[in-house]
Peer 1: 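Handing you this structure, nothing more for now.
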Number of protein chains: 2
Amino acid sequence: MKQDSDLETLLGYQMQRAFLTMTEDARRVLEPYGLTPAKLTALLLIRANPGCDQTALGRALSINRSSAMKLVNALVAGGFIERRAGRNLRTNALHLLPHGETQLADLVVALRESDRRMSARLSAAEHATLFALLGKLGPARTRRTPHEPA
Amino acid sequence: MKQDSDLETLLGYQMQRAFLTMTEDARRVLEPYGLTPAKLTALLLIRANPGCDQTALGRALSINRSSAMKLVNALVAGGFIERRAGRNLRTNALHLLPHGETQLADLVVALRESDRRMSARLSAAEHATLFALLGKLGPARTRRTPHEPA
DNA sequence: TATTGTTATACTCTATAACTATA
DNA sequence: TATAGTTATAGAGTATAACAATA
């Protein structure tokens with residue numbers, strides 16, 4: 001199967017291929033824990049924001065309340081987190097359980113190893129450059145300050 | 001919502017964020033054509049390999065025969081391609097239709113513009129560096145030649 | 001009125017399994 | 001036997017719409 005020359009020169013396509021390569025290894029690491037990249041991200045956000053509610057978590061993950069519900073249900077069922085009483089009667093507070101904390105610590109180590117494996121052909125300087133350039137992707141900022149007239 | 005420091009320093013996570021940023025814009029460009037990134041990739045592969053069969057297409061896209069079937073059905077329904085008689089009676093040959101060719105030409109232009117928009121904060125040299133570094137991601141090659149003993 | 005959690009439902013993309021025709 | 005296409009079915013992950021309880 002021949003490759004297409006247009007496809008190969010599109011940055012978006014190159015990004016996708018690289019992303020799939022990375023994510024494939026990460027998924028393999030996460031699988032024994034019963035987690036996916038999205039679930040891991042949720043756990044790390046809950047760890048950084050103990051007591052947050054489901055809706056806020058959903059916003060941070062760019063999914064809606066209903067999807068956040070299913071995600072939280074899965075994390076509760078997996079014994080990673082629990083719902084506690086929240087700031088008022090209609091919100092609940094999400095907290096890591098001890099089991100979740102230890103699993104998470106192990107996983108971060110394993111994922112750093114995965115990163116290292118998948119960037120093994122890059123020097124430390126190249127790794128840093130790649131990281132920085134990825135952070136610069138996205139639409140250009142129009143108007144640096146909110147009060148600029150034109 | 002606070003970010004997690006582990007999360008922010010993982011290359012895989014940085015990749016995902018950058019990829020989602022890129023892909024969001026690309027999807028917006030593709031939507032009026034009734035296409036997704038996967039369908040566009042399929043069309044470009046069919047263009048580069050006229051007369052290929054569904055199974056080969058599926059392999060190139062890392063999806064199985066059944067999923068390739070649905071993808072091809074959608075492309076046929078959209079008037080982009082057609083199934084013609086293949087090399088033998090159990091394979092069919094996929095070919096772009098004129099409509100597909102013209103749409104594809106327009107789309108490649110629009111996607112290059114999307115790439116440019118999303119990498120607007122990168123210099124030409126940085127763009128080239130990013131492209132090259134992305135290509136170096138992936139597991140290290142063990143054994144350069146197939147016959148090396150250790 | 002607006003918001004949070006919840007449930008029901010549906011859509012997309014993927015996979016597995018089984019069947020048919022052909023090689 | 002093995003392979004290509006096809007169909008049926010199922011499992012993630014997402015979304016919308018509606019409802020109850022609470023703010």
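Below, read A as the first sequence line, B as the second, and so on, with proteins coming before strands; counting in each chain starts at 1. Computed from a prediction, not measured in an experiment: that's the story for all the values here.
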Peer 1: Which residues satisfy the ring-ring contact (aromatic ring centres under 6.0 Å, His included) test with B:F19, sequence neighbours excluded?
Peer 2: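 If we apply the ring-ring contact (aromatic ring centres under 6.0 Å, His included) test to B:F19, skipping adjacent residues, the hits are A:F19.
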
Peer 1: Applying salt bridge (charged side-chain N to carboxylate O under 4.0 Å, His left out), can you list everything that pairs with A:E113, at least two apart in sequence or on another chain?
Peer 2: none

Peer 1: Could you tell me how far apart A:L71 (CG) and D:dA15 (C1') are, to the nearest whole angstrom?
Peer 2: 15 Å

Peer 1: Examine distances only and state if a side-chain atom of A:S67 and a backbone atom of A:I63 form a donor-acceptor pair shorter than 3.5 Å.
Peer 2: no

Peer 1: With distance as the sole test, does A:S114 use its side chain to make a donor-acceptor pair with the main-chain N or O of A:A110 at under 3.5 Å?
Peer 2: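 Flag not set: sc A:S114 to bb A:A110 has no pair under 3.5 Å.
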
Peer 1: Among residues 13-50 of chain A, which contact DNA chain D at a heavy-atom distance under 4.0 Å?
Peer 2: A:T36, A:K39

Peer 1: In whole Å, what is the span from the CD atom of B:Q54 to the C1' atom of D:dA4?
Peer 2: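 Interatomic distance, CD of B:Q54 to C1' of D:dA4: 8 Å.
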
Peer 1: To the nearest Å, how far apart are A:K70 NZ and D:dA12 P?
Peer 2: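 Rounding to the nearest Å, NZ of A:K70 and P of D:dA12 are 9 Å apart.
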
Peer 1: Taking only N/O atoms, report every protein-nucleotides 21-23 of chain D pair under 3.5 Å with atom names and distance.
Peer 2:
residue	atom	partner	partner atom	Å
D:dT22	O2	A:R90	NH1	2.5
D:dA23	OP1	A:L89	N	2.7
D:dA23	O4'	A:R90	NH1	3.3

Peer 1: Test of understanding: with salt bridge (charged side-chain N to carboxylate O under 4.0 Å, His left out), list the residues that count as partners of B:R117, not counting sequence neighbours.
Peer 2: B:D25

Peer 1: List in chain and number order the residues that pass ring-ring contact (aromatic ring centres under 6.0 Å, His included) with B:H95, two or more places apart in sequence or in another chain; answer none if no residue qualifies.
Peer 2: none

Peer 1: Which two nucleotides bound the region of DNA chain C that has atoms under 4.0 Å from heavy atoms of chain B, read 5' to 3'?
Peer 2: C:dC13 to C:dA23

Peer 1: Could I get the full list of salt bridge (charged side-chain N to carboxylate O under 4.0 Å, His left out) partners for A:E24, not counting sequence neighbours?
Peer 2: none

Peer 1: Side chain of A:D115, backbone of B:L11: donor and acceptor closer than 3.5 Å?
Peer 2: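 Yes.
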
Peer 1: How long is the line joining CG of A:N73 and P of D:dG13, in whole Å?
Peer 2: 13 Å

Peer 1: Please list, for nucleotides 16-20 of chain D, all pairs of protein and nucleotide N/O atoms separated by less than 3.5 Å.
Peer 2:
residue	atom	partner	partner atom	Å
D:dT16	O4	A:S66	OG	2.9

Peer 1: If a pair satisfies side chain to side chain donor-acceptor pair (under 3.5 Å) and one of its residues is in residues 121-131 of chain B, list it, with sequence neighbours excluded.
Peer 2: A:K136-B:E126

Peer 1: Would you be so kind as to tabulate the donor-acceptor pairs closer than 3.5 Å made by side chains of residues 48-60 of chain A, with sequence neighbours excluded?
Peer 2:
residue	atom	partner	partner atom	Å
A:N49	OD1	B:K2	N	2.7
A:N49	ND2	A:L45	O	2.9
A:N49	ND2	B:K2	O	2.8
A:D53	OD1	A:T55	N	3.0
A:D53	OD1	A:A56	N	2.9
A:D53	OD2	A:R87	NH1	3.2
A:Q54	OE1	A:R83	NE	2.8
A:Q54	OE1	A:R83	NH2	2.9

Peer 1: Residues two or more places apart in sequence or in another chain: which of them pass salt bridge (charged side-chain N to carboxylate O under 4.0 Å, His left out) with A:R112?
Peer 2: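 Scan of A:R112 (salt bridge (charged side-chain N to carboxylate O under 4.0 Å, His left out), adjacent residues dropped) gives B:D6.
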
